[in-house]
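Notes to accompany the following structure.
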Amino acid sequence: MTEIWLLIKYLFLGLVQGFTEPIPISSSGHLVILQKIFGIEIAGLSFEILVNFGSLLAVLIIYRKDIFRLIQNGLRYMTTKDSDAIGDFQFILYLVIATIPTGILGLLFEDYIEEELSTVTVVGFTLLITGIALWIIRNLRGRKNDSEITVKDAIIVGLAQSVALIPGISRSGATIVASMLVGMKIETALRFSFLLYIPVSLGITVLSVGDIVGNDNLSGLAIPLILAFAASILATYYSLRWFMNIMKRGNLKYFTFYCLIVGILVILFL
């Protein structure tokens, strides 16, 4: 019975993390809330690393055509200086620039965030912040396409992603809000936000390989972790597809209401 409960626990949390990762309601915040409600404790970092990697694979699958085009044109511009490829080369540079603030602040404040800010009370208030930010941009329709992004835009979006290191602040929400505020079109904001997720998630995965290998309980948790990993891939894939359609229809207000309601309930009752 204990083994069955373990499988259910990891499957459930893998689905939750995967489903909430692409949508602007904070996957990390929901894991904190659910672990508190159900008294679930996931020991070690192996779970978070693997489900994060599962979400990364789903994003890679959905944006594979954009990724291949960016790599191809980026290399073409570096080798031939082809003017037709400069737009994609600059887009890659802006993704790199936007990644830097998160990498620096993550290294500096990782322990503080994990020890002091990963509480349900903090998550309650940060969900309220996420909800308010989504409400502000709910009707925005930018004009900037991929080729019109600037260094300033990249820095602003990168700083917004850094704020999302705090549980309850949605990474996708923060980057999309920032992208829309600097004037990006919806499709450009989505593309920049989720392509920006790739280097951050990949960096976390690579830096954390040692934590997985050094986990003494890894052999005993192999099946639950694989189950959570597979669940996160499927949940992220379908959740991101769904969210992309919602963004095109301009229905962000529903995520606003959700974040505000959940945030208030968490503050009052947890």
Would you say [X]'s side chain and [Y]'s backbone share a donor-acceptor pair under 3.5 angstrom?
{"X": "Ser193", "Y": "Leu190", "result": "no"}
{"X": "Ser239", "Y": "Phe19", "result": "yes"}
{"X": "Lys144", "Y": "Val182", "result": "yes"}
{"X": "Thr236", "Y": "Gly18", "result": "yes"}
{"X": "Thr130", "Y": "Gly168", "result": "yes"}
{"X": "Thr175", "Y": "Gln161", "result": "no"}

Would you mind reporting whether [Y] and [X] have side-chain heavy atoms less than 4.5 Å apart?
{"X": "Leu270", "Y": "Val123", "value": "no"}
{"X": "Phe229", "Y": "Val51", "value": "no"}
{"X": "Leu128", "Y": "Leu260", "value": "yes"}
{"X": "Met180", "Y": "Ile186", "value": "yes"}
{"X": "Val157", "Y": "Ile149", "value": "no"}
{"X": "Asn145", "Y": "Glu148", "value": "yes"}
{"X": "Pro224", "Y": "Lys9", "value": "no"}
{"X": "Leu6", "Y": "Tyr10", "value": "yes"}

Spatial distance of atom [atom1] ([X]) from atom [atom2] ([Y]) [nearest 0.5 Å]:
{"X": "Leu57", "Y": "Ile62", "atom1": "CG", "atom2": "CD1", "answer": "11.5 Å"}
{"X": "Leu225", "Y": "Leu50", "atom1": "CG", "atom2": "CG", "answer": "5.5 Å"}
{"X": "Thr20", "Y": "Ile25", "atom1": "OG1", "atom2": "CD1", "answer": "5.5 Å"}
{"X": "Ile71", "Y": "Asp66", "atom1": "CD1", "atom2": "CG", "answer": "11.0 Å"}
{"X": "Leu202", "Y": "Tyr197", "atom1": "CG", "atom2": "OH", "answer": "10.5 Å"}
{"X": "Thr256", "Y": "Ile261", "atom1": "OG1", "atom2": "CD1", "answer": "10.5 Å"}

| message | Can you confirm whether more than 12 heavy atoms, excluding those of Arg141, are under 6.0 Å from its CZ atom? | response |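 Enclosed: over 12 neighbouring heavy atoms sit under 6.0 Å from CZ of Arg141.
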| request: Assess whether atom CZ of Phe125 is packed by more than 12 heavy atoms of other residues, nucleotides or ligands within 6.0 Å. | output: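 Counting other residues, nucleotides and ligands, CZ of Phe125 stays at 12 neighbours or fewer.
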| Stepwise side-chain contact (heavy atoms from CB on, under 4.5 Å) test for Phe12 and Val16 | CA-CA 6 Å; Phe12 177 63; Val16 170; 4.0 Å; yes
| query | Any idea how Phe192 and Phe91 line up, ring-wise: parallel (<30°), tilted (30 to 60°), or perpendicular (>60°)? | reply |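 Answer is perpendicular, since the angle exceeds 60°.
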| request: Indicate the ring-plane relationship of Phe194 and Tyr63, choosing parallel, tilted or perpendicular according to the 30° and 60° boundaries. | output: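 Parallel: the ring planes of Phe194 and Tyr63 meet at under 30°.
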Minimum heavy-atom separation for [X] and [Y], please, with both atom names.
{"X": "Lys185", "Y": "Gly142", "result": "CG-O, 3.4 Å"}
{"X": "Thr126", "Y": "Pro167", "result": "OG1-O, 2.8 Å"}
{"X": "Ala160", "Y": "Ala178", "result": "CB-CB, 3.6 Å"}
{"X": "Thr99", "Y": "Pro199", "result": "OG1-CG, 3.4 Å"}
{"X": "Leu105", "Y": "Leu165", "result": "C-CD1, 4.0 Å"}
{"X": "Ser232", "Y": "Gln17", "result": "CB-OE1, 3.9 Å"}

| task | Using the ring pair (Phe, Tyr, Trp, His ring centres under 6.0 Å) rule, take Phe243 and Phe255 through it: C-alpha gap first, then chi angles, then the decisive distance, then the call. | result | CA-CA 10 Å; Phe243 179 56; Phe255 294 109; 5.6 Å; yes
| said: Go through it in stages, so that I can follow the logic: the residues are Leu117 and Phe109, the test is side-chain contact (heavy atoms from CB on, under 4.5 Å), and I'd like the CA-CA distance, side-chain angles, deciding distance and then a yes or no. | reply: CA-CA 10 Å; Leu117 300 181; Phe109 297 105; over 6 Å; no
| field | Between Asn52 and Ser55, a side-chain donor and acceptor under 3.5 Å | value |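 Looking only at side-chain atoms, Ser55 and Asn52 do not form any donor-acceptor pair under 3.5 Å.
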Is there a path of hydrophobic side-chain contacts, each under 4.5 Å between heavy atoms of I/L/V/M/F/W/Y residues, joining [Y] to [X]?
{"X": "Val163", "Y": "Ile155", "value": "no"}
{"X": "Ile37", "Y": "Trp5", "value": "yes"}
{"X": "Val177", "Y": "Ile169", "value": "no"}
{"X": "Ile156", "Y": "Leu134", "value": "yes"}
{"X": "Ile104", "Y": "Ile166", "value": "yes"}

| Between Asp84, Asp88, Asp82, which is the residue that forms a side-chain hydrogen bond (donor to acceptor under 3.5 Å, both in side chains) with Arg76? |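 Answer after filtering Asp84, Asp88, Asp82: Asp82.
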| Run the side-chain contact (heavy atoms from CB on, under 4.5 Å) check on Leu34 and Leu13 step by step: do they pass? | CA-CA 8 Å; Leu34 290 174; Leu13 292 179; 4.3 Å; yes
| message | For a side-chain contact (heavy atoms from CB on, under 4.5 Å) check, start with the C-alpha distance between Ile23 and Ile246, then their side-chain angles and the critical distance, and finish with the verdict. | response | CA-CA 10 Å; Ile23 60 179; Ile246 287 178; over 6 Å; no
